[in-house]
Each structure stands twice: as structure tokens, then as C-alpha cells.
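A short write-up of the structure that comes next.
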Amino acid sequence: SMNIPQKAKGTIFVLVPTVIVLAMASILFSHQINEKSAEIKTNWLPSTVHLNHLNTLTSDFRIMELQHILSITDEQMLFYETHRNQKSGEIQDEMAQYERLITTDLETALYARFREKWSEYLKESRAVLELSKQNRNEEAKTLIRERSQILFDEYSNLLMALVKENQSRAEKASERGDRLFLFSWTTVLSISLILGALIYRSFRAIVARYNEITALAQKTVTDNLII
């Protein structure tokens, strides 16, 4: 049977590689979990924020149009036209920021349709604004209630579909991160339990061998004394 030094060496040979494996597994799982957290933080959440801003800004843009039609003085018209143009610039900025974050094929398709509807809406908007400037308010009201309203509803629905897509992706990334976290802890715990059992078994074997040697030594001493 193995002597005590051999058993100790055997335990070390098992212990060291296992600790290395545990450390590498922990680093790998931590990296993967961090990747999922970064994906949510740097893509899906910012995308959702920009899309919600776009939804708000495009609604504000339409409000400025309606207020322009209802204006009764040139000063009021100028005020709402200025704010309308300001909103238009803010919308372009938000669109540019969101476009850098587009990731999935569905996002690409939905956003292309949004841009198409928004472009059509701007054409209708310019026509409405010209009629309003000429105080042809009834014609402007009719125009803004017809094709303009349809386009507004369509691009608003597309923006909400984009929000849902990004929220869904964020939830899936979060779920994958949770699964990785659970799997990592389960793996580390399982390996730790196996390692603990091996160390305990080796320790008991070493103690048993030590007791055998001690008993044999005592017996030898006793026999020598009798002789």
C-alpha cells in the first residue's frame, strides 16, 4: 500500500489541478455573465430609451403642427413653427443615435418602414404648414386629419414595435445571464463537493496509515522490551 508521503503527494496532485479548473471556470462564467450585462447596458436599454424619445418627440412635432393651425396671430405661428423645426432637429439626432445601435434583422426591417412612413409624414407636414401660413385653416385641418393622421398612427405603431423588440432582447439576455449564473454556481459547488470528498477520503487514509505505523512501532518497542 502507499506510504504517507505518497498519499500526501497524491492528494496534492488532485487538489492543485482541481483548484486551477475551478479558478478557470469561475473566470469564464464571470466573463460570459459580464458580456450579457454589457449587452443589456450598452445596446438594448439605450435603444429603448432612444425609441421612447423618438415616440415623444414625433408626438410633440405633431402638436406643434396643430397649434400652428390654431394660431390667430403671426407671432403665434412663428413661435410654433420655430418649435416644430426644433423638434425636427431633435428627432434627427435621436434617429442618428439609435441607428448606431440597430442589431437584429427585425429591428432593421421595422426601422426601415418607420423611416419610410416618417418621410411621407414630413411631406404631408410641409403641405399642412403652407396651408396654415395662408390661413387656409379648414383645408389644413382636413389634410392633417386624413393621410397625415394615418401616417402618424403607422409610424407610432412601428416605434412601439421596435420598443417591444428591444425589451424582448433585453429580457432574453437577462435570462441567459441568470442561467449562466446558476450553472456556474452549480458547477463550482459540485466540483467543490467532489474535491472535499476526495480530500476527506485521502485524509482518512493518511490518518489510518499513520495509526497503523504508530501501532506497529509501539508493538516493536514492546516486543524489544520483553526480549
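With Val163 as reference, Asn52 is the one residue of Val49, Asn52, Leu54 to meet the side-chain contact (heavy atoms from CB on, under 4.5 Å) rule. Just one of Leu151, Ile91, Leu159 meets the side-chain contact (heavy atoms from CB on, under 4.5 Å) condition when paired with Trp118; it is Ile91.
The minimum heavy-atom distance linking Glu94 with Leu57 is given by the pair CG-CD1, 3.7 Å. Minimum interatomic distance between Asp60 and Lys87 (heavy atoms only, all atoms of both residues): OD2-NZ, 3.6 Å. In plain terms, the two heavy atoms of Glu107 and Asn166 that are nearest each other are OE2-ND2, 3.0 Å. The shortest non-hydrogen separation linking Lys141 to Ile69 is CG-CG2, 3.7 Å. Of all non-hydrogen atoms in Ala140 and Ser132, the two that sit nearest each other are CB-N, 4.2 Å.
Taken from CZ in Phe114 to OG1 in Thr58, the straight-line distance is 6.0 Å, to the nearest 0.5 Å. If you take CD1 on Ile102 and CG on Leu162, they are separated by 7.5 Å, rounding to the nearest 0.5 Å. Arg84 contributes atom CZ, which lies 12.5 Å from atom CD of Gln86 (distance to the nearest 0.5 angstrom). Separating the NE2 atom in His68 from the NE2 atom in His83 is a distance of 13.0 Å, to the nearest 0.5 Å. The structure places CD1 of Ile150 at 9.5 Å from CD of Glu124, a figure rounded to the nearest 0.5 Å. The structure places CD of Glu165 at 9.5 Å from CG of Asp105, a figure rounded to the nearest 0.5 Å.
For the pair Ser148 (side chain) and Arg145 (backbone), a donor-acceptor distance under 3.5 Å is absent. The closest donor-acceptor contact from the side chain of Ser119 to the backbone of Arg115 lies at 3.5 Å or more, if one exists at all. In this structure a side-chain-to-backbone donor-acceptor pair under 3.5 Å is missing from Thr73 to Ser71.
In this structure, Glu130 and Arg136 have side chains that are not in contact, with every pair of non-hydrogen atoms separated by 4.5 Å or more. Residues Glu120 and Glu154 have side chains not in contact (no heavy-atom distance under 4.5 Å, counting atoms from C-beta outward).
Residues Leu131 and Val128 fall within the same hydrophobic cluster, defined by Ile, Leu, Val, Met, Phe, Trp and Tyr side chains chained together at heavy-atom separations under 4.5 Å. Hydrophobic clustering of Ile, Leu, Val, Met, Phe, Trp and Tyr side chains at less than 4.5 Å, counting indirect connections, unites Phe79 with Ile63.
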Apply side-chain contact (heavy atoms from CB on, under 4.5 Å) to residues His53 and Tyr98 and explain how you reach the verdict. CA-CA 10 Å; His53 284 172; Tyr98 169 67; over 6 Å; no
Taking it one step at a time, do Glu81 and Lys133 satisfy side-chain contact (heavy atoms from CB on, under 4.5 Å)? CA-CA 10 Å; Glu81 184 175 354; Lys133 286 180 179 180; 3.0 Å; yes
Decide side-chain contact (heavy atoms from CB on, under 4.5 Å) for Leu143 and Arg147; before the verdict, give the C-alpha distance in whole Å, the side-chain angles of both, and the deciding distance to 0.1 Å. CA-CA 7 Å; Leu143 190 60; Arg147 179 62 179 163; 5.6 Å; no
Run the side-chain contact (heavy atoms from CB on, under 4.5 Å) check on Asp74 and Leu78 step by step: do they pass? CA-CA 6 Å; Asp74 291 341; Leu78 180 60; over 6 Å; no
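Between the side chains of Asp153 and Gln149, at least one donor-acceptor pair of N or O atoms lies under 3.5 Å. Between the side chains of Glu65 and Ser125, at least one donor N or O sits under 3.5 Å from an acceptor N or O.
Below 30°, between 30° and 60°, or above 60°: for Phe152 and Tyr155 the angle between ring planes is above 60°, a perpendicular geometry.
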